[in-house]
Every structure is written in structure tokens, then in C-alpha cells.
Amino acid sequence: MSPMTPARVTGTPGRTRVLVAGGGITGIAAAHRLRELLGPDAEIIVAEQSMRLGGKIRTADFAGRPVETGAESLLAARPEAVALARAVGLGDAIVHPSGLKPALSLGGELVDFPAGHMMGIPGDPADVAAIANAKERPDNGLPILEPGQDMSVGELVRSRLGDEVLDRLVAPMLGGVYAGDVDRLSVRAVMPQLAAALERHARLTEAVAEVKRPATGKPVFATIDGGLDRLVTATSAAARAEIRLGMTVRELRQTPTGWEVITGPVPDPIKVTADAVVVAVPASPAAQLLRAVSPEAAAALSGVPYASVALAAFAFDRVDLPERSGFLTPASEGKTVKAATFSSKKWPHLGRRRQIVRVSMGRLGEEALLQYDDATLAKTALRELGEHLGQRLPEPVDQRVDRWGGALPQYTPGHGARVAAAREALARHRGIAIAGAAVDGVGIAACIASGRAAAEQTAASLTPAKHDPAD
């Protein structure tokens, strides 16, 4: 900002004001929690660079149905997302998948994905014997991880159970969630419960058997009838925040009484004074904002890499889909398509008038894939989908392609320690917190939990008079 261009100042003097940078589900969940904690009189501002809220959540009208073109579902096995949906009045709209099982595509054939595993790692080698040789290597009797130690998922599984388990089971599972490289994904960040068990066990299968989720009969996933956009809209409404779309937060400056937040276009910047700030944007812009505030925190965030993905959706009037929820495929199969969801079979609420299939393409390092035009990507996806299904597919009645550049953060070994160090460094600055997938995990539930925790930390940093709703 040029010294010749003074920033315009906005805000109401005398009221508690918190600015949330980022209008994805993390930022919206943070704003909602701030409203609960700070009461009706606080000013809560959500500054979002784009012209829409929701981040990686985006529902589109596709073939006459609300279909997700980004994040597909909520993890119901942890409480945060479902609890938020209920809190904002969407309890009756929560729906669950059909219970059909996923498949694994191997050699042009769909085979059952084995049960009894944790992210593809078996608790008993016999459970996956039909797919991979999982003979456990001899151990030295010592726990696999020491407290604070970390390693990649690839190193862990390859050294204990061999290449086939890693390539055929674990890598496809993690590729579907993170689009990542198993040799660069941190065990502690990706599977924290397993990492804790590895401090107690010398055998990987024993650690998996200890922590893998028991079969409870309760659905692991959920979504919102009508689309996940409804969760964004309802949460935003309940937060009663001032939403500023098209507003980029460019600079943070700490003052004796709080923060100055420089936003808006470079030629005509706007300065927002705030008592506290929640930074809920991806790693690179977060690092830029924090560079002048805390170089240590900025350095920790600047090293977080991201993977890009492309999603293609197809609607068919008549197509013979197997009775499965979808499939995953190992990278060793040499396909662009790494996963597919048979949406109309997986989600009964979508109905069966048309069959809808979502296809995912792209892994870490395959960013060039996103440079192809929509027609080329759709043609490739449709051809490969037919190869996976062993049939020539009919022409779809509708199709769309969505690109998500830099969508999925990659947690390299030591990620948790780096984030902890960043937060420790930021703790020396009153009234600022970081949140989001860049630091606390991918998935809607993880982002909601992260946003709420940042809101609680931020509210606690304010003076009692400013964060006690009873005042």
C-alpha cells in the first residue's frame, strides 16, 4: 500500500469486533461459535475473497438434482458436522448413505474392498489375503513410534506389511481423501489415533486392531438433503455475521488495543479495526498474512503443499451400474480416474430416475491434468469409467467438470509439530488464531472443529467484559 493512499476506516467504536478471514466452512463455523460466545451485540465480520461462501462446499443443480461438485459428505462418525447441522435447524434434513460397499478396481475388474481395516491397513493380514500379500515382517519388540516421532504412511506400511498392501489398499484410500503421495503423508497427521497406538505396539496389525472403529451399525457418513450448500447458508444465517464477499484480507497489523486489518483493492484499501482476528484461509495466503506478525508461524504454514483434483459428473438415463457405492483404483493401474462414486446408488435421497456418477481425477504432482479443457477431461473420464466397469457406456444426458486447484493440503511428516510451534508463536500475540484444513485436517467435520476451537481461543483472549454474553 502506498503511503500516498490512506486506508478508509470502517467499524463501530465501542463494540467488540472480530474479523474472520475466509468464508469457507471453517470461517463460517468460527463466526457461528463467536456469536454463541460473544452474544448478540458483538460485530462479527467474515471477509471472503471470492463472491460466494462455502469454499470447497458447492452444490449444483445437475440433471434435476442437487449434486455436490466439491466436498461430498459429512463424517458422521465424529460429532462436529452433524451437531452443527442440528444446531442451525437442519436436523431433519440429515440423510445417510445406502450402506452399499465400495469396490477396488484391479485389472479391469471390480472386487470387494476388504473389511477389517483402517484406511486400508488391515488389523489381520488374513482379511486382505485375497487382494494383497500382507505377511507381517518380524519386529524387534519395541514400539514402532517413540513419543513425538513421526514417519510417512508409506514408510510405515511398506516396512511392516509390504508393497502390495500399500499400493493396492492404503494408497487408493488415502488418494481418495487427500489425492496425496503416501510417502509424503504424515502418520500422525493422517491417522493420529493409530500413531498413538504405535507408541504402545511393536506390530502394526496389533495397533490397527486396537484402534479401528468397531462395527456399530451406525452410518459413518451423512449429507444434507437438498445439498451441503444448505449447511453453509444456515450456519451463516445463524451466525448473524456481516458477510463481505469479494473482500481480500491483505495485511494484519497488531496495535496496542487489537488489530488493524487491511482489506479491499490495492488502489482503494479499507482498514478494519478489530479486537481479534481468526485466520481461516489456505496455507499460502495465511503465511503471507502472518509474515509480519509471526515469522515462525508464517514459515510453518508456507511449507504446506497442496494437491489439485478434477471432478466429472455424468447423468445417464439407462446404465448398468453394480450394486456398490463406487470404487477406488490404485495408481499402479495407470488410470487417470482414481475413484468414482455411484451417487444415485450411494445416496437414496437423490432418487433413481437417473443414474448419477461422480468421477475423481488427479493426484499430487498431476496438476497439468487440470489444464485440459472440459470436453477432453469428460471424454477421458467417461472412457476410463467404462473400462473400470467393463462396458461401453452410453452417452450421458448431462455432464459437467469442476476443477479444484490447490484443494487438498498435504501433511508431510512433522506437520503436527510444526503447527503446534506456529500456534505457540502466535500465542505471544493476543487476539489471533489460525484454523482450517491447512492446519487441522481435511473434511467438513475437521474444518468445523478447527473453526470452533479458533473461535473459543479468540473469545477467551478478549477481556471478560468483551466476551461474557451475560454482560
Side-chain angles (χ1 to χ4, degrees), residues 1-3 5-24 26-35 37-38 41-51 53 55 236 239-295 297-298 301-302 422-423 425-436 438-439 450-451 454-463 466-467:
M1 183 179 65
S2 167
T5 311
R8 292 178 286 124
V9 181
T10 69
T12 306
R15 295 177 65 186
T16 298
R17 186 179 308 115
V18 181
L19 184 136
V20 179
T26 303
I28 296 302
H32 179 264
R33 183 62 176 143
L34 284 166
R35 178 60 67 200
L37 293 168
L38 298 177
D41 294 330
E43 285 186 67
I44 301 168
I45 300 169
V46 176
E48 165 55 36
Q49 176 179 276
S50 73
M51 295 308 296
L53 294 175
S236 173
R240 301 191 307 282
E242 179 184 342
I243 306 297
R244 300 189 184 182
L245 298 177
M247 175 171 280
T248 302
V249 176
R250 302 191 180 281
E251 188 179 348
L252 300 177
R253 301 172 184 167
Q254 190 167 19
T255 70
T257 57
W259 295 87
E260 288 181 350
V261 184
I262 308 302
T263 71
V266 172
D268 190 20
I270 300 170
K271 180 173 71 177
V272 180
T273 59
D275 298 290
V277 176
V278 174
V279 178
V281 294
S284 181
Q288 293 174 13
L289 287 177
L290 296 174
R291 196 158 286 129
V293 176
S294 171
L301 288 169
S302 65
R423 285 186 161 131
L426 282 176
R428 297 194 284 269
H429 303 270
R430 178 177 170 272
I432 188 167
I434 53 175
V439 289
S450 180
E456 289 162 7
Q457 176 189 338
T458 301
S461 73
L462 300 173
T463 61
K466 286 194 172 184
H467 81 263

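Each residue takes its place number in the sequence, starting with 1. Since the structure is predicted, the reported quantities are computational estimates derived from the model, not experimental observations. As a basis for the values below, the full set of heavy atoms in this structure was taken, side chains included, without hydrogen atoms, waters or symmetry mates.
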| request: Could you pull out the closest heavy-atom pair between A425 and A297, with the gap in Å? | output: CB-N, 4.4 Å
| field | Derivation of the side-chain contact (heavy atoms from CB on, under 4.5 Å) call for T263 and R250 | value | CA-CA 5 Å; T263 71; R250 302 191 180 281; 5.9 Å; no
| request: May I ask you to test the I28-V20 pair for a side-chain heavy-atom distance under 4.5 Å? | output: no
| task | Kindly say whether R430 contributes a backbone atom to a donor-acceptor pair with the side chain of W259 at under 3.5 angstrom? | result | yes
| note | For L462 and A276, the nearest pair of non-hydrogen atoms, with its separation, is CD2-CB, 4.0 Å
| Passing candidate, side chain to side chain contact (heavy atoms under 4.5 Å, CB included) with I45, options V18, L19, I243 | L19
| query | So do V439 and R423 actually touch side chain to side chain, heavy atoms under 4.5 Å? | reply | yes
| query | What is the minimum heavy-atom distance between A47 and V249, and which atoms define it? | reply | CB-CG2, 3.8 Å
| message | Given 3.5 Å as the limit, does a donor-acceptor pair link the side chain of R253 with the main chain of A292, or not? | response | no
| said: How long is the straight-line distance from OG1 of T255 back to CD of E260, given to the nearest 0.5 Å? | reply: 6.0 Å
| field | Interatomic distance, S302 atom OG to Q288 atom CD [nearest 0.5 angstrom] | value | 10.0 Å
| task | Indicate whether any N or O donor in one side chain lies under 3.5 Å from an N or O acceptor in the other, for S294 and R428. | result | no
| Within a strict 4.5 Å, meaning less than it, do heavy atoms of the V261 and T273 side chains meet? | no
| N/O donor-acceptor pair under 3.5 Å between E43 side chain and R17 backbone | no
| task | Report the distance from atom CG of L289 to atom OG1 of T248, rounding to the nearest 0.5 Å. | result | 10.0 Å
| remark: Rounded to the nearest 0.5 Å, the CG atom of L301 sits from the CZ atom of R291 at a distance of 10.0 Å
| How close do G22 and V46 get, heavy atom to heavy atom, and via which atoms? | O-CG1, 3.8 Å
| query | Any sub-3.5 Å donor-acceptor pair from S450's side-chain atoms to G436's backbone N or O? | reply | yes
| Spatial distance of atom CG (D275) from atom OG1 (T257) [nearest 0.5 Å] | 7.5 Å
| Close side-chain approach of V281 and V279, heavy atoms under 4.5 Å | yes
| query | Of all heavy-atom pairs between A31 and A241, which one has the smallest distance, and what is that distance? | reply | CB-CB, 4.3 Å
| query | Are L245 and L53 close enough that some pair of their side-chain heavy atoms sits under 4.5 Å apart? | reply | yes
| By side chain to side chain donor-acceptor pair (under 3.5 Å) - contacts of E456 (at least two apart) | R33
| message | With heavy-atom distances below 4.5 Å as the criterion, would you say the side chains of D41 and T16 are in contact? | response | no
| said: Any heavy-atom pair between the side chains of H429 and V293 that's under 4.5 Å? | reply: yes
| message | Return the CD1 to CG distance between I262 and L252, rounded to the nearest 0.5 Å. | response | 9.0 Å
| query | Looking only at heavy atoms, which two atoms of G431 and S461 are closest? And how far apart? | reply | CA-OG, 3.3 Å
| field | Side chain to side chain, V272 and R244, heavy atoms closer than 4.5 Å | value | yes
